[in-house]
Amino acid sequence: MPDRPVLTLLLGDVVRLRRNHPCGGDAWLVDRLGADIGLRCQTCGRHVLIERPTLERRFAEFVERGDPALTAAIGGPATGGPATGGPAASGPDEGR
């Protein structure tokens, strides 16, 4: 197996895959990052979850790149890892 670098995805990326969606659309909006990637068809609005390795195999090109600042603010690094250093959750005993 050839060693390929991990595909760097950002929230808000619009990607084109090798095959079209049954509705005829070919552009997908990345709206979730992690082990599974959430994609929304730009034509019909259908939402699907695809495993990262499957997406990397089916990936053809970027149509539009998302905002790195949005990805960092919401989910951590661009590779889809967990956020770190977020605010602590407030409990029921707060303020006593």
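If you're wondering where the values come from, they're calculated on a predicted model, not measured in any experiment.
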Sequence-distant partners of F62, side chain to side chain contact (heavy atoms under 4.5 Å, CB included), two or more places apart: L7, L9, D13, V15, F59, R65

Taking side chain to side chain contact (heavy atoms under 4.5 Å, CB included) as the test, write out the residues that go with T43, two or more places apart. C23, C41

Side chain to side chain contact (heavy atoms under 4.5 Å, CB included) between L39 and L55: does it pass, once the steps are laid out? CA-CA 10 Å; L39 299 174; L55 176 67; 3.9 Å; yes

Going hydrophobic residue to hydrophobic residue with side-chain gaps under 4.5 angstrom, can you get from V63 over to L29? yes

The reported gap from CZ in R58 to CD in E51 (rounded to nearest 0.5 angstrom) is 10.0 Å

Atom pair CZ/CZ of R52 and R57 - distance to nearest 0.5 Å: 13.5 Å

For a quick test of reading the model, state the closest non-hydrogen atom pair linking V14 to A27 and the distance between them. CG1-CB, 3.8 Å

Which atoms form the tightest heavy-atom contact between H21 and C44, and what is the distance? CE1-SG, 3.4 Å

Qualifying residue for side-chain contact (heavy atoms from CB on, under 4.5 Å) with I37, from V48, V30, L49: V30

Applying side-chain hydrogen bond (donor to acceptor under 3.5 Å, both in side chains), which residue pairs with at least one partner in residues 23-35 are found, sequence neighbours left out? R16-D26, D31-H47

Begin with the C-alpha distance, continue with both residues' side-chain angles, and end with the deciding distance and a verdict on side chain to side chain contact (heavy atoms under 4.5 Å, CB included) for I50 and D36. CA-CA 5 Å; I50 297 181; D36 293 328; over 6 Å; no

Assess the residue pair R46 and R40 against the criterion (side chain to side chain contact (heavy atoms under 4.5 Å, CB included)); give the C-alpha distance rounded to whole Å, side-chain angles, the decisive distance to 0.1 Å, and a yes or no. CA-CA 6 Å; R46 176 75 173 190; R40 186 164 306 274; over 6 Å; no

Hey, mind stepping through L11 and L33 against side chain to side chain contact (heavy atoms under 4.5 Å, CB included) and telling me if it holds? CA-CA 7 Å; L11 287 175; L33 295 174; 4.0 Å; yes

